Number of protein chains: 2
Amino acid sequence: MKNCTKTRLALETATIKDIAKALNLSTSTVSRALRGSYEINPETKRIVLECAEKLNYRPNPIALSLKENRSRAIGVVVPEIDNPFFSQAINGIEAIAYNRGYHVVIFQSHESYDREVVNIQHLASRRVDGVLISLSGQTTHVEHLKELHTKGMPIVFFDRFSDEINTHKVVADNYQGAFEGTEHLINSGKKHIAHLAASPTLSITRERISGYKAALEKHGIPYNEDFVKYCNFSIEDMENVIDELLSQPILPEAIFTVSDRLAMACLKILKKRNIRIPEDMALMGFSNLKVAELLSPSFTSVIQPALEMGQRAAELLLDLVEKKSKSPAYQTVTLPTELVIRDSTKTASK
Amino acid sequence: MKNCTKTRLALETATIKDIAKALNLSTSTVSRALRGSYEINPETKRIVLECAEKLNYRPNPIALSLKENRSRAIGVVVPEIDNPFFSQAINGIEAIAYNRGYHVVIFQSHESYDREVVNIQHLASRRVDGVLISLSGQTTHVEHLKELHTKGMPIVFFDRFSDEINTHKVVADNYQGAFEGTEHLINSGKKHIAHLAASPTLSITRERISGYKAALEKHGIPYNEDFVKYCNFSIEDMENVIDELLSQPILPEAIFTVSDRLAMACLKILKKRNIRIPEDMALMGFSNLKVAELLSPSFTSVIQPALEMGQRAAELLLDLVEKKSKSPAYQTVTLPTELVIRDSTKTASK
DNA sequence: AACGTTACCGACAACGATTGCGTAAATATT
DNA sequence: AATATTTACGCAATCGTTGTCGGTAACGTT
C-alpha cells in the first residue's frame, strides 16, 4: 500500500512491478494481463490496463532484449553519411525498419578498413539483430564480417558487397548502367572516353569497368588502359588523379566518372582549367545528386535507385532476422539504373 | 566440468557464466577479475583474462543497460536525413558519440509533427540516454518533449529549437547570417528583395526574417510583406509559393531563400521561366550544398557550420548525460555563419 | 459426496552482469 | 597460543520481464 518513491538517476518509468504493487497482484499476472493472455479475468485485465495507463507504463525494451536475446535494432555501416547516395539509402532503410518496429543504428567507416572493423565489433557486441553494410573503399578482405556471419548474424550487403560471403545482396545494375552510359557517349561521337573509377577493390568498380569495356568493344573502339584511372576517396587524391588524366598526351573527349564526389571534383578542375563542357570535354557520372540538373552545365547521369536499394536491403535483412527457418536461399537483387541525358554530354554536332 | 552446448537462436556469445563454469569459479569472481578488482588474486585474474580471451568474451551491453539503467546510445531526430545540412550534422554527431563510446540511433520526422511525436515516444521507451533534436517544420508545441525533459531526459536542440524548453541549444547565427546576406544584396544595388522562408513556426525562420528586416531598415528600404513568403516542405507547396511570388505585380530583383530545397526549387522555376540569374533576378540561399559553387550560376550562400553544429550539440548532450551534478547552466551556442559570394548575385552594373 | 474441470492467479527461475555482504583460510599481531 | 586482520572468494539480490510450474478456488459431473 505504501507508495515507494525511489529516485533513480535518470527518468523514472513505471515498471510492471509498480503496477503489481499498486494493484496488489503478482508481476506475472500483470504481465499476462498486459499481453492479453486468455487466462486472466477480463475484469482484472481492465484494472491492470487502466493502472498501466495511469502510471504511463511502457515496457522496458532493454529487459525484453535481455530475455529474448534480441535488440530490435539493426546496424547500418556506410562509408559516409554525408553522401547523397548513402543518405538516400539510409532514408529507405529507416522507412522500412520504422514500420517493422526496428531501430536503426548508424556507423560510418569513412572509407577506412580499420574503422569498418571497429564498427563491426561494436555492432556485434551491441547485439544488433542484423547488419546492413556497404563496404569501405579500403576493404579488401572480409574476415571480420565472415566471422560474424558464420556465428549467425544476418548480414545484407547493399551497393558494395563481397563475393566471399554468401548472403543477400542488393545492387544497382552497374554493368548495364556503365554500358548504357558509355554507349551514350559513343553515340554522341566520342571515341576517346576516360573512365574515372573508385577503389579497384570494390565490386561496383569492376562491374562498371566491365560495362564500360563491353560498350567500347561493341562499337569497335579499342580499350586504352591509360584512360582508366582509379582513386580512393581523399579529395587530394581525386584531384591528383584527375590532373594526371588531363595531362596525358592524348586527351580524352569524354570522362565518365563513377561517384558523386569524383564527378564534382572533375567538374571543378575542368572549370578551373577553362575546359568547356561539353564542347571540349563531355562529362557524365554515376550520380545520385538531386541537383544534377541544376549544375552548370546540367549533368548527364546514370542514376541509381538509392532509396529503393535501402528499402529492399532492409526488407531482406528483416526477413532474415525474423525468419525462424534457416533457409539460405540467398538472392542478389539487381535494380535497374536510369540514364538521364542532360547538357554535359550534349553533342556539338547537333 | 560438463561443457554445456546450448544452442541459442541467434549468435552464441560467451557469457561470464561460461567462463565461471570453465574455470570452476563463481560469476562474481570472474566479473571482478575482468574489471581488475583489487580483491582478486593476480594469478586468478590472469587465468580469467586468458579464458575470456580464448572464449572471445564480450560483455553484454544489454545486461549492463538493464542494470545501470542506461543504454549508451543517444537518439537523433531530424526532419530528413537526405538533406545536406542534416547529414553533415549527423556526421558530426556520430564522430563525437563514437569516440565517447555512444551509439547513434536515427529517426526522421519527415517534417511531420505526428511522426516527431511518435519518434519521441520510441526514443523514450527505448531508454536512450539523451536526445538531439531539430524540430519538424510542423511542430508548433512541444509538450511531447517537455514531458520527457521534466522526467529527466537530457535534450539538446540543434538548429531548430523551441523556447519553451530550457536546455542547451546549438544554432547558427541566423540573424547575422540573414542580415549579412540581405545587406550583400542591397549593396549589389537591389531594393526589392524577396525572402522565401520556411515554416513560420520555426525559430530559424523568425531569426532570419529579423535579420532580413534589420538589414532593410538599416539601409532605409521599406519592408514589404508581400515579399516574404512562407512555405512548408512539400515540393508542390514550394513551387506554388514561388510561382505566386513571381506572379506579383511588383517583381522582386532578388530572392533570398533560406533552405537548400527552397533554393533548388527556386532555381529550377526561374530557369524554367527563362529568368536570367543574376541579370533579371539575383538569387542566394542559406545553404549547405557542397555543390553550390558548381551550380549554374554558382550559388551565393550563407553557409552554416553543419558539421560543427552536430559536434557541439553532441558534446553538450553527452556532458549532460554524464554529469552527475544537476547543474542546469544551460547555454545557447551560436555559431557564426559565413557569406560566400558567387555568381548568382553578381551585380550587372559592375 | 467424491471426483474432475475450468478459470484465475502467484511463486520462482531465468536472461547477463554487478555488488554488498558474508566467510573460510591464510597470515599477522599481541 | 590466542586473537586480529587480511586475502580471496562465494552467495544472493538486483535490474524488468516472461515462461514454467504449481496451486486454489468455484463449478459441474457422476
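Please read these numbers as outputs of a predicted model, since none were measured by experiment. Every chain is numbered from 1, with letters handed out A, B, ... down the list of sequences.
Here B/L64 lies in heavy-atom contact (under 4.0 Å) with sugar-phosphate atoms only. Using a 4.0 Å heavy-atom cutoff across all strands shown, B/R58 reaches sugar-phosphate atoms only and no base atom.
Rounded to a whole Å, the CD atom of A/E68 is 15 Å from the C1' atom of C/dG16. The separation between A/I16 atom CD1 and D/dC15 atom P is 14 Å, rounded to whole Å. Remark: P of C/dG16 and CZ of A/R126 are 17 Å apart, rounded to the nearest angstrom. Nucleotide C/dT18 holds its P atom 16 Å from the CG atom of B/N69, rounded to whole Å. Here C/dA17 presents its C1' atom at 15 Å from NZ of B/K21, a figure rounded to the nearest Å. Between A/N60 atom CG and C/dC15 atom C1' there is a gap of 13 Å when expressed in whole angstrom units. Across the protein-nucleic acid pair, A/L34 atom CG and D/dT17 atom C1' stand 11 Å apart, rounded to whole Å. In this structure, the NZ atom of B/K67 is 12 Å from the C1' atom of D/dA12, given to the nearest Å.
Proximity note for A/T15 (side chain, C-beta onward) versus D/dT17, C/dT19, D/dT18: the nearest is D/dT17.
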- A/E50 vs A/K54, salt bridge (Lys or Arg N to Asp or Glu O under 4.0 Å): CA-CA, chis, key distance, verdict: CA-CA 6 Å; A/E50 197 178 289; A/K54 202 181 64 194; over 6 Å; no
- Should A/V76 and A/F107 be marked as a side-chain contact (heavy atoms from CB on, under 4.5 Å) after you check the CA-CA gap, both sets of side-chain angles, and the distance that decides it? CA-CA 6 Å; A/V76 178; A/F107 296 84; over 6 Å; no
- Message: For A/E315 and A/R100: C-alpha separation, side-chain torsions, deciding distance, then whether salt bridge (Lys or Arg N to Asp or Glu O under 4.0 Å) applies.
- Response: CA-CA 9 Å; A/E315 278 167 356; A/R100 286 179 68 163; 6.0 Å; no
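With rounding to the nearest 0.5 Å, the separation of CG in B/L320 from CD1 in B/I74 is 11.5 Å.
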Look for any protein N or O under 3.5 Å of an N or O in nucleotides 6-10 of chain C and output each such pair with its distance, or none.
from   : atom 1 : to    : atom 2 : distance (Å)
C/dC9  : OP1    : A/T44 : OG1    : 2.6
C/dC9  : OP2    : A/N41 : N      : 2.8
C/dC9  : OP2    : A/T44 : OG1    : 3.3
C/dC9  : N4     : A/E39 : OE2    : 3.1
C/dG10 : OP1    : A/S26 : N      : 3.3
C/dG10 : OP2    : A/S26 : N      : 3.0
C/dG10 : OP2    : A/S26 : OG     : 2.9
C/dG10 : OP2    : A/T29 : OG1    : 2.1
C/dG10 : N7     : A/R32 : NH2    : 3.3
C/dG10 : O6     : A/R32 : NH2    : 3.0

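Note on A/R160 versus A/E111: salt bridge recorded, some NZ/NE/NH1/NH2 to OD/OE distance being below 4.0 Å.
The backbone N or O of A/T44 sits nowhere less than 3.5 Å from a side-chain atom of A/R46 that would complete a donor-acceptor pair.
A pairwise comparison of heavy atoms in B/P154 and B/V321 identifies CG-CG2, 4.0 Å as the closest pair.
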